[in-house]
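Here is the structure we will look at, set down as structure tokens.
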Amino acid sequence: MQQIIGFILKNKYFLLFFLLELVAITFVIKSHSYHHSKFVNSANAITGNVYTKLNNIKEYTKLKTFNQQLLDENARLKNLLANKDSDNLKPTIAQADSALYQQQFSYLPTKVINNQFNRNYNYLTINVGKSQGIRPDQGVANSKGILGITNTVSNNYATVLSILNNNSKINVKLKNSKHFGTLVWNGKNYNVLQLVDLPIQANISQGDTVITGGMSTIFPQGLPVGTIQDFKQEANAYSTVNIKLFNDMSAIGPAYVITNFDQEEIKEIETTQQQ
Amino acid sequence: MKEIISNIALFFSLILLQVLVFNNMLLFGYINPMVYILFVILFPIRKERGLLLVSSFLLGLIIDFFLDSGGTNAAATLAIAYFRLPILKWLMRKSEIDFLVFKITKLPFTKMLSFIAIITLIHHFIIFSLEYFNFAEITTILSRTILTSIFTIILIIFSLLLINKNN
């Protein structure tokens with residue numbers, strides 16, 4: 001017993017170092033898995049407050065870009081409305097019963113208060129959380145394309161697993177041929193992502209538009225992603241397909257969190273089917 | 001007493017500077033110098049190292065909270081805190097250091113520079129290895145370590161000069 005105590009006293013600094021290092025490495029390993037209950041995250045009151053204050057200043061430098069983004073989106077929505085048959089807009093005599101009308105998606109406005117794009121595992125921080133009804137696994141997008149999926153959620157803030165993260169896999173499809181693929185990132189250029197698992201039957205060419213596929217319960221179908229920049233074909237398969245994003249990932253501010261009201265129902269069906 | 005207060009002030013001001021300024025620098029689009037390790041360099045050298053180890057771990061962990069980086073900064077900062085004394089002894093070619101009067105800034109410039117460079121390189125190498133967590137990325141890890149270290153070392157030397165001038 002005395003020997004053990006003697007050993008501990010003799011090596012107390014090494015043991016302290018070893019113990020703390022073990023804790024740190026555990027956090028690191030946890031952070032590399034796609035996991036929602038991470039202890040170390042920026043969605044807490046202190047970091048959230050600091051980032052909100054910092055963002056209040058930083059926002060000014062990007063106001064022109066953000067204004068243009070919102071203006072573009074307004075113009076696009078107004079054009080959609082103008083193209084609709086004007087008769088459809090008038091209330092008909094038989095009012096549609098709200099119980100029959102199935103709204104599947106709802107959009108909640110938010111602000112990206114911390115944006116990362118210089119690492120391999122990037123996260124964003126947004127200024128909405130549990131109090132606004134945000135849960136993990138909700139899509140985040142802005143008018144020019146998708147940004148990521150909510151990861152850890154605190155009362156007033158949430159972290160978002162950016163599409164610029166090696167853990168991110170998002171179901172997308174080609175706009176013209178409806179072939180599905182998966183959007184991933186190789187960590188090189190923050191405005192160029194990669195499309196994998198695309199079947200060789202898909203006839204792709206440079207400049208083709210890629211949109212979200214709607215196979216997952218996170219993003220609705222048809223949100224913009226980007227265009228095909230270049231691709232290589234090897235042994236009857238596409239080896240690399242580079243997608244240039246519509247978004248400039250270094251300048252993102254206003255965004256929407258997407259709620260899918262059917263998410264739970266769809267997941268329930270999927271789990272019962274697996275059993 | 002004065003030493004304790006100045007170290008606590010250094011701890012918090014380095015966190016704020018790192019989060020508000022250095023994490024937003026993005027030199028060449030992606031390089032963020034990590035100047036907060038100045039805390040480990042300036043922390044008084046004593047025989048008792050428990051406080052240094054714990055405070056370095058906390059410093060790294062707080063930076064990790066801001067960066068969503070798991071525990072990479074905590075692990076790296078803790079490691080340089082533990083190996084600081086052996087490195088210093090090796091550099092001075094001395095087995096014993098007079099703890100009470102010793103100061104990093106009183107070292108000859110070349111010794112001080114090599115001490116800071118070794119500490120920074122170890123710290124950055126651990127950070128990027130843990131961040132990429134993949135041996136196939138070793139060239140990326142090394143190039144990012146060296147590039148980021150250059151800017152960190154320059155900024156640390158400048159801040160040391162500033163601190164010395166004020167004293």
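Every chain is numbered from 1, with letters handed out A, B, ... down the list of sequences.
- The aromatic rings of Phe83(B) and Phe17(A) sit perpendicular, their planes meeting at an angle over 60°, well past the 30° parallel limit.
- For a residue to count as touching a neighbouring chain, one of its non-hydrogen atoms must lie under 4.5 Å from one of that chain's; by this rule Asn24(B) touches chain A with the side chain only.
- When each of Val23(A), Ile29(A), Thr47(A) is scored by its heavy-atom pairs under 4.5 Å with chain B, the top score falls to Thr47(A).
- With a threshold of 4.5 angstrom between heavy atoms, Ser56(B) does not approach chain A through any atom at all.
- For the atom pair CZ (Arg49(B)) and NZ (Lys12(A)), the distance works out to 10.5 Å, reported to the nearest 0.5 Å.
- Nearest heavy atom pair, residue Ser42(A) against residue Phe66(B), reads CB-O, 3.9 Å.
- Once rounded to the nearest 0.5 Å, the distance linking CG of Asn41(A) with CG of Asp64(B) reads 11.5 Å.
- Looking at Phe28(B), neither its backbone nor its side chain comes within 4.5 Å of chain A, counting heavy atoms on both sides.
- With a threshold of 4.5 angstrom between heavy atoms, Phe117(A) approaches chain B through side-chain atoms but not through N, CA, C or O.
- Crowding of Tyr107(A) atom OH: a count of heavy atoms from other residues, nucleotides or ligands under 6.0 Å exceeding 12.
- Contacts between Lys53(A) and chain B at a heavy-atom distance below 4.5 Å are absent for every atom of the residue.
- If you take CD on Glu21(A) and CZ on Phe57(B), they are separated by 8.5 Å, rounding to the nearest 0.5 Å.
- Heavy atoms closer than 4.5 Å to chain B are found nowhere in Asn122(A), neither backbone nor side chain.
- With hydrogens and angles ignored, the 3.5 Å screen pairs a side-chain donor or acceptor of Gln116(A) with a backbone N or O of Leu67(B).
- Inter-residue side-chain proximity for Leu61(B) and Phe27(A) is flagged as met; some heavy-atom pair is nearer than 4.5 Å.
- Applying the side-chain contact (heavy atoms from CB on, under 4.5 Å) test between Asn120(A) and each of Phe133(B), Tyr132(B), Phe128(B) identifies Tyr132(B) as the sole match.
- Tyr51(A) contributes atom OH, which lies 6.0 Å from atom CG of Asn23(B) (distance to the nearest 0.5 angstrom).
- Closest non-hydrogen pair, Tyr13(A) versus Lys47(B), comes out as CE1-O, 3.8 Å.
- Most heavy-atom pairs under 4.5 Å with chain A: of the set Leu53(B), Ile62(B), Asn32(B), this distinction falls to Leu53(B).
- Using a 4.5 Å cut-off between heavy atoms, Ala81(B) does not touch chain A at all.
- Here the shortest heavy-atom pairing between Leu16(A) and Val54(B) reads CD2-CG2, 4.1 Å.
- The shortest heavy-atom contact between Gly70(B) and Ser31(A) is CA-CB, 3.6 Å.
- Listed for the Tyr82(B) side chain is no donor-acceptor partner under 3.5 Å among the backbone atoms of Phe18(A).
- Leu20(B) CG to Lys58(A) NZ: the interatomic distance, rounded to the nearest 0.5 Å, is 9.5 Å.
- The part of Leu26(B) that comes within reach of chain A is its side chain, from C-beta onward, which places non-hydrogen atoms under 4.5 angstrom from that chain.
- Across every non-hydrogen atom of Arg144(B) and Arg119(A), the tightest pair is NH1-CA, 4.2 Å.
- Within the 3.5 Å criterion, the main-chain N or O of Asp68(B) finds no donor-acceptor partner in the side chain of Tyr123(A).
- Contacts of Asn44(A) with chain B are made by side-chain atoms alone, with heavy-atom separations under 4.5 Å and no backbone atom involved.
- With a 4.5 angstrom heavy-atom cutoff, Glu137(B) touches chain A only via side-chain atoms.
- Close approach to chain B, defined as a heavy atom under 4.5 Å from one of its heavy atoms, is seen in Thr125(A) of residues 124-132 of chain A, taken by number.
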